[in-house]
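To find a chain, count down the sequence lines: A is the first, B the second, and so on, and within it residues start at 1. These numbers were taken from a predicted model, which means no experiment stands behind them. Hydrogens, waters and symmetry mates are skipped; everything else that's a heavy atom, side chains included, is used.
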There are 2 protein chains.
Amino acid sequence: MTVLPQTFSALGNATRFAIVERLLSEGELPAGAFLDMNDTSPPAMSRHFKVLREAGIVEQRIDKQRRIYSVRPQAVQQICEWSISYRKFWETSLDRLALALAEDD
Amino acid sequence: MTVLPQTFSALGNATRFAIVERLLSEGELPAGAFLDMNDTSPPAMSRHFKVLREAGIVEQRIDKQRRIYSVRPQAVQQICEWSISYRKFWETSLDRLALALAEDD
DNA sequence: TAGTTATTTATCATTTATGTTAATTAACAA
DNA sequence: TTGTTAATTAACATAAATGATAAATAACTA
């Protein structure tokens, strides 16, 4: 069906997740902007970007000697749509839960 | 901040993702109901459930000698809220993209 | 009780992921 | 040209994930 497992797998690493969150908040940034992060030697960072690229989560734009990365909106949209497609399930489940808790008073 | 990377990591395996999708569609099921799946020896399946439990994605209910699993609605809700929190970004990005494509006609 | 069913835990082997250092590529700057 | 900056690729080591078989646990059934 979908490629969501690959998307989730790529986001299932704390460093990559932080990269994506930062790109989402700040917009496109060159790879080098992330070298201050926790783990990160340049090759490690480069590989994280490769994983994100191959999962279709980010895209690369080349500007001179810089690689500028940004989040592909479709990637986040796909995640949103997946979770929304089960909304009826989780919303009613949570409603029932809240109700049950309220009855304990 | 969040535990989302752990959630994503757990869902980033095709077998576990399939388990979760089936639980979401069919509702709670005993572990044994999944032994027809692709990989799956009973111990492999058991470990997949353990990963899902530890990530807070499923919960276990014991009925006699059966372990009945179900999806914790909060897990899906959390994913939904994360993607929604960046909705402005990805919706406007996609709008711009559609507009740019339309202009090519 | 003895055997069966459902599931998990223990051990071990193999694969995949991830980090490191060294070398490479490409563009810029003196 | 020579040196510097930005990023990647190559080669290697180590850790984590995942699967298999065997054994253990717990509850049901004859």
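- B:Phe34 and B:Phe49 have their aromatic ring centers within a separation under 6.0 angstrom.
- Each of D:dA7, D:dT5, D:dA10 was ranked by its minimum atom distance to the side chain of A:Gln65; first place goes to D:dT5.
- In this structure, B:Leu29 atom CG and C:dT7 atom C1' are separated by 15 Å, rounded to whole Å.
- Using a 30° and 60° split on the angle between ring planes, A:Phe8 and B:Phe8 fall in the parallel class, below 30°.
- No continuous path of ILVMFWY side-chain contacts below 4.5 Å connects A:Val51 to A:Leu23, so the two sit in separate hydrophobic clusters.
- Using a 4.5 Å heavy-atom threshold, the side chains of A:Tyr69 and A:Ile19 count as separate.
- Note: CG (A:Leu35) to P (D:dA7) measures 7 Å, nearest angstrom.
- In this structure, CD1 of B:Ile19 is placed 12 Å from P of C:dT7, rounded to the nearest angstrom.
- A straight line from CD1 of B:Ile62 to C1' of C:dT5 spans 16 Å, rounded to a whole angstrom.
- As a whole-Å value, the separation of B:Met45 CE from C:dT9 C1' is 17 Å.
- The cluster map of Ile, Leu, Val, Met, Phe, Trp and Tyr, joined by side-chain heavy atoms under 4.5 Å apart, puts A:Leu29 and A:Leu52 in the same cluster.
- As judged by a 4.0 angstrom heavy-atom cut-off over every strand, B:Tyr69 is placed among residues touching the sugar-phosphate backbone only.
- Taking 4.5 Å as the limit, every side-chain heavy atom of B:Tyr86 sits out of range of all side-chain heavy atoms of A:Val71.
- B:Asp36 has its CG atom 15 Å from the C1' atom of C:dA6, to the nearest Å.
- Under the 4.5 Å side-chain heavy-atom criterion for ILVMFWY residues, no single connected hydrophobic cluster contains both B:Ile68 and B:Val58.
- Rounding to whole angstrom units, CZ of residue B:Arg66 and P of D:dT25 are separated by 22 Å.
- Distance from the side chain of A:Pro30 is smallest for D:dA7 among the nucleotides C:dA27, D:dA7, C:dG19.
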Protein-nucleotides 11-17 of chain C N/O pairs under 3.5 Å:
none

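- Here the side chains of B:Val3 and B:Gln78 are in contact, with some heavy-atom distance below 4.5 Å.
- For D:dA7, the OP1/OP2 oxygens have no side-chain nitrogen or oxygen of A:Ser46 closer than 4.0 Å.
- Dashed line: the shortest gap from a side-chain N or O of A:His48 to OP1 or OP2 of C:dG19 is under 4.0 Å.
- Which of D:dG19, C:dT8, D:dT8 sits closest to the side chain of B:Ala44 comes down to D:dG19.
- Linking ILVMFWY side-chain heavy atoms closer than 4.5 Å, directly or via other members, places B:Leu11 and B:Met37 in a single hydrophobic cluster.
- Residues A:Gln74 and B:Leu97 form a side-chain contact, since some pair of their non-hydrogen atoms from C-beta on lies under 4.5 Å apart.
- The side chain of A:Ser41 places no N or O atom within less than 4.0 Å of a non-bridging phosphate oxygen (OP1 or OP2) of C:dG19.
- Sorted by residue number, the list of members of residues 49-61 of chain A with any non-hydrogen atom under 4.0 Å from DNA chain C is empty.
- For A:Arg67, taking side-chain heavy atoms from C-beta onward, the closest of the listed nucleotides D:dT8, C:dG19, C:dA10 is D:dT8.
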